[in-house]
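Computed over heavy atoms, backbone and side chain alike; hydrogens, waters and symmetry mates excluded. Numbering of ligands and ligand atoms starts at 1, following listing order.
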Amino acid sequence: MSDQVQEREHFGSKLGVIMASAGSAIGLGNIWKFPYEAGKNGGAAFIIIYLGAIVLVGMAIMIAEYVIGRRGGKNAVGSFKALAPKSLWWIPGLMGVIAAVAILSFYGVVAGWTFEYLFQAAKNSFAGQTPDALSAQFTSFIQHPYRPVFWQLLFMGITCVVILSGIKKGIERYTEILMPVLFVVILILAIRSITLPGGGEGVRFIFHPDFSKIDGQTILNALGLAFFSLSLGLGAIITYGSYVKKNDNLISTSIEVIVLDTVIAILAGLAIFPAVFAYGIEPGSGPSLVFITLPNVFQQMPGGMLWGILFFLLLAVAALTSSVSLLEVVTAYVSEELKMKRRTAIFISASVITVVGVFCSLSQGNFNSLRIFGLNIFDFLDTLASNYLLPIGGMLISLFVGWRMKKEDLLDELSNGGLLKIYAFGLLRFTLRYIAPAAILFVFMNKIGLI
Ligand code: PFF
């Protein structure tokens, strides 16, 4: 690929678009957070609400992001500028870029942890350890001054290598290989987990609806998780949308990405909970579930070393394809808006993010006393991005396409200039104008404690 600022690459095929977007959506959010939240919030009942949130809000916003990106033809900020010149609509785009920097800073740290655990699994070092020892091992690792930083730097380096190769030869090629690998690995793990003696209880735990646990908070949790899991609200899909060819079908692409993301989340639940139940481990152990509880599960399983390696490989791959999309949001912005060569833009973006990320890593240990609004740097950036920037960004994206964009332009973009028949256009536009913004406002007000 040429390094010129003006030249834009495109994904080569619709499959490439789907794999890259699904790669962005499927990440630590699905494989760790979704099973844990589903387990804690009533299993099947939570899953039903999560699916409802995706259909009601997530789908419309994903379509809206693709529309902005492909019609605007630029990065998250540039696309808004192209579609609404001389207005302040570039602000949601810039918020998205800031959110991407914030998320990737701590996401890279957690992704680095997956490398350490892959390494530990390959050394078979979980074998014969007590749950307490595994817990102490995790705590001392994340508090270590340079060991997690080493893995984080390696992870960020690999993310850069993917992005450096460009859109078609980098993002598209790698995700097209990695996503099927991820799918196969999680499927094998789910089958292994379900067929463990006593695993059936874990399946019931996820699929047996217990509506008594559902309250307003649970509904909001499901909505918020749907949002984060689908990579919505910060322009990742806008940026990828700008690389989508004019003859690809944006609505079917969105649906396929959403189905893949959801299937992987459910498979992750099936891979984790039956094993957790089979070995009598606490299902709601939260942040520790993946890094403390699962090594404990693996070391008790026949062939545990192999399952451990497979699982952490899967987690690392899922994190990588999500990180690639986060870095691409920032890179595309820096290269196009600040007029830099792509290579320079990658270097600058990744350096800034990595430096902030190192502080996030250190905030687990030595720098924990450094506080912003009472939170350490890691938690502050997580809260800032997830609780504020994403919901507000998503709401503004929805409002932009619902109200600011002309109805004919939206129809034109979705139908590829009238070539495709669009069903339920009125419903989609109604969702963008009213339902999605109202629902997100509800989530946001809950997050800041107004509801
Ligand atoms: N969707 C990713 C996950 O579930 O882990 C996280 C994420 C990636 C959020 C990219 C936002 C984004 F732009």
Side-chain angles (χ1 to χ4, degrees), residues 19-38 50 53-54 58 61-62 64-66 68-69 75-76 92-114 155 159 162-163 171 175 178-179 182 186 221-242 254 257-258 260-269 287 290 314-333 349 353 381-394 397:
M19 288 301 150
S21 308
S24 169
I26 297 163
L28 298 168
N30 302 58
I31 298 172
W32 163 71
K33 202 170 181 191
F34 173 82
Y36 151 65
E37 291 255 13
Y50 174 82
I54 284 174
I61 294 184
M62 183 168 288
E65 288 208 25
Y66 273 126
I68 295 172
N75 60 84
L94 189 63
M95 270 169 50
V97 175
I98 294 167
V101 171
I103 292 178
L104 189 48
S105 299
F106 69 82
Y107 208 85
V109 174
V110 181
W113 297 349
T114 70
F155 180 83
T159 307
V162 175
I163 305 256
I171 298 174
T175 49
L178 293 176
M179 294 316 287
L182 184 144
I186 200 152
N221 283 352
L223 198 60
L225 183 63
F227 209 46
F228 182 85
S229 178
L230 291 173
S231 301
L232 298 176
L234 55 61
I237 302 297
I238 294 180
T239 308
Y240 277 10
S242 71
S254 302
V257 170
I258 287 169
L260 284 174
D261 187 70
T262 310
V263 166
I264 294 280
I266 290 171
L267 279 178
V290 163
L314 164 87
L315 207 55
V317 166
L320 178 66
T321 52
S322 295
S323 299
V324 161
S325 71
L326 287 162
L327 185 56
E328 183 60 29
V329 169
V330 188
T331 296
Y333 164 75
S349 312
I353 291 165
L381 290 179
D382 186 6
T383 308
L384 175 73
S386 313
N387 294 4
Y388 297 92
L389 298 175
L390 293 195
I392 299 172
I397 286 165

Practice problem: State the atoms of ligand 1, each with its element, that fall below the 4.0 Å cut-off from a heavy-atom position in S229. | Solution: 1 (N), 4 (O)
Quiz item: Of the options F227, F34, F228, which is the one that meets Y50 in a ring-ring contact (aromatic ring centres under 6.0 Å, His included)?
Solution: F34
Exercise. Within a distance under 4.0 Å of any heavy atom of L28, pick out the atoms of ligand 1 and give their elements.
Key: 5 (O)
Self-check item: Taking atom 13 (F) of ligand 1 as the reference point, the nearest protein heavy atom with its distance
Solution: L234 CD1, 2.8 Å
Quiz item: With a cut-off of 4.0 Å, which atoms of ligand 1 are near a heavy atom of S325?
Solution: 10 (C)
Exercise. Below 4.0 angstrom from a heavy atom of S24, which ligand 1 atoms are there? Numbered from 1 as shown, please.
Key: 1 (N), 2 (C), 8 (C), 10 (C)
Practice problem: Taking the side chain as every heavy atom from C-beta outward, state whether I397 and L232 have any atom pair closer than 4.5 Å. | Solution: no
Quiz item: Can you check whether T321 reaches I26 side chain to side chain, under 4.5 Å on heavy atoms?
Solution: no
Quiz item: Which atoms of ligand 1 are found less than 4.0 Å from any heavy atom of N30?
Solution: 4 (O)
Quiz prompt | Sub-4.0 Å atoms of ligand 1 with respect to non-hydrogen atoms of A236 | solution = 13 (F)
Self-check item: Atoms in ligand 1 flagged as close to Y107, the criterion being non-hydrogen separation under 4.0 Å
Solution: 2 (C), 3 (C), 5 (O), 6 (C)
Practice problem: Check the pair I264, I186 against side-chain contact (heavy atoms from CB on, under 4.5 Å), reporting the backbone distance first and the verdict last. | Solution: CA-CA 8 Å; I264 294 280; I186 200 152; 4.0 Å; yes
Self-check item: Residue part near ligand 1, for A25, under 4.0 Å between non-hydrogen atoms
Solution: backbone
Quiz item: Has ligand 1 got any nitrogen or oxygen that is less than 3.5 angstrom from a nitrogen or oxygen of S231?
Solution: yes
Quiz prompt | N or O contact, F228 vs ligand 1, cut-off under 3.5 Å | solution = yes
Quiz item: What's the spacing between F106 CZ and D382 CG if we round to 0.5 Å?
Solution: 4.0 Å
Quiz item: So is G29 polar-close to ligand 1, meaning N/O to N/O under 3.5 Å?
Solution: yes
Quiz item: Looking at CG of L104 and OG of S322, how far apart are the two atoms once the value is rounded to the nearest 0.5 Å?
Solution: 10.0 Å
Quiz item: Can you name the closest pair of heavy atoms from E328 and I171 and give their distance?
Solution: OE1-CD1, 3.8 Å
Self-check item: Side-chain donor-acceptor pair present, Y240, S231, cut-off under 3.5 Å
Solution: no
